[in-house]
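This report refers to the structure that appears directly beneath it.
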Amino acid sequence: MKNKQTDPIHPLKAPILKGSTAALSKAISLVESSLETHSLEAEQLLEQLSKDTASKRSNSIRIGVSGVPGVGKSTFIEVLGGQLTKEGKKVAVLTIDPSSQQSGGSILGDKNRMQHLSQSPLAYIRTTPAAAHLGGVAKNTRPSIQLCEAAGFEVIIIETVGVGQSELEVQDMVDFFLLLHLPGAGDEIQGIKRGIMEVADALVVNKVDGANAPLAKKSQQFLQHAIHAFPSRANHWEVPVLLASATEGHGIDQVWKTIEHYIDIQRKTGEFERQRQQQLIHGWHAEINQALLQSFATDVPMQSLVQQLEKDILSGATTKNEAKRKAIASFRGKWPSS
Ligand code: GDP
């Protein structure tokens, strides 16, 4: 076991605290790396940064932006990010690309995403393939958020492209979760699961321009109606359904005002800090699960036992339950109890 006190200060610590995006990128790459030495280095760096960044963390705003591919997320984030950087705010955008998981390629990589925003010295944009997330989206995104905050980014936007598990994971690491909708289509058609709509802090019907405008009004009414059927929020927040056109820049201001208003209420009631603490503990649980899974999957004798047990189940030599108990008992024996 290494003694923490003898760990040297990581060379990326000082440049990150000064806001170097090159150092930030290197640190996120360490977080995303599958090499164990890199993971340990990343953990060490995060611990060293954590003491110096408590106030940066509590002053930041973490926003999740979600919706089906093509709804306009990157266009929307580019405009919102542009407005915020104009006000002098430092904005980081972390995009999770699920397409890379199946195909090995990436749809996002082929697009010129957020070209404008990426040129601002106050903005940082990073796309992560979901394939890098062995333990789900949360595994790398949580530490990446911390690194962005350590580098002084005040608004962190997490963009998720899929509509499923990743949204729910992301919702559990942000202060405000925004769901974008296309005008005219019901939520079933858009493939958005009810569970995701239920956790959104605001819905935005995007592309409210040109011929879409009348359809958008209808969608707004439909969504307002749908929201009323959801359980009410503990904080009495009335989830608004807003209208926007990312390409024309309409309505984005209103979305930002809504976010600020919500965060203000959350901070005043202490709910902001409470939610962050709850998310921290959820993240910690996810880390433990991940570590257990990893050690199970990479333990060679354990894996040969599993293979033997598979054969025994198929031949009828043992039952599934008995085999499960054997595997777990053997795995437990590998973990010292103190
Ligand atoms: P994403 O896949 O959700 O990130 O969507 P994009 O931001 O890449 O946008 C998909 C397409 O919709 C692009 O061709 C955009 O130019 C277009 N788009 C985005 N926002 C709007 C909008 O407000 N109005 C219109 N008419 N088109 C938009």
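Remember, it's 1-based here, ligands and their atoms both numbered in the order they're listed.
Less than 4.0 angstrom separates some heavy atom of Val68 from each of these atoms of ligand 1: 3 (O). Every atom of ligand 1 is numbered from 1 in the order shown, and the set under 4.0 Å from a heavy atom of Ser245 is 23 (O). With ligand atoms numbered from 1 in the order given, ligand 1 contributes 20 (N), 21 (C), 23 (O) to contacts under 4.0 Å with heavy atoms of Asn206. Those atoms of ligand 1 that come under 4.0 Å of a heavy atom in Pro69, given as number and element, are 2 (O).
By the neighbour-count criterion of 12 heavy atoms within 6.0 Å, atom NZ of Lys89 is densely surrounded, having more than that number from other residues, nucleotides or ligands. Counting heavy-atom neighbours within 6.0 Å of Glu87 CD, excluding the residue itself, gives a total above 12.
Residue contacts with ligand 1, taken as heavy atom pairs separated by less than 4.0 Å, involve Asp209 solely via side-chain atoms from C-beta onward. Proximity of Glu159 to ligand 1, defined as any heavy-atom pair under 4.0 Å, is confined to the side chain (atoms from C-beta onward).
Ligand 1 has no nitrogen or oxygen under 3.5 angstrom from a nitrogen or oxygen of Asn212. Looking at Phe76 next to ligand 1, no N or O pair under 3.5 Å apart turns up. Residue Ala246 has at least one N or O atom closer than 3.5 Å to an N or O atom of ligand 1.
A donor-acceptor pair is defined here as one N or O able to donate and one able to accept, closer than 3.5 Å; no such pair exists between the side chain of Lys326 and the backbone of Leu305.
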Passes side chain to side chain donor-acceptor pair (under 3.5 Å), Ser29 versus Arg126? Steps please.
CA-CA 10 Å; Ser29 296; Arg126 171 97 181 190; 3.2 Å; yes
Check the pair Gln308, Lys311 against side chain to side chain donor-acceptor pair (under 3.5 Å), reporting the backbone distance first and the verdict last.
CA-CA 5 Å; Gln308 183 55 47; Lys311 284 184 194 144; 4.6 Å; no
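Lys73 is listed as a side-chain neighbour of Val65, based on a closest heavy-atom distance under 4.5 Å. Under the 4.5 Å side-chain criterion, counting only non-hydrogen atoms from C-beta, Phe296 is in contact with Gln303.
Residue Gly67 places every heavy atom at 4.0 Å or more from ligand 1.
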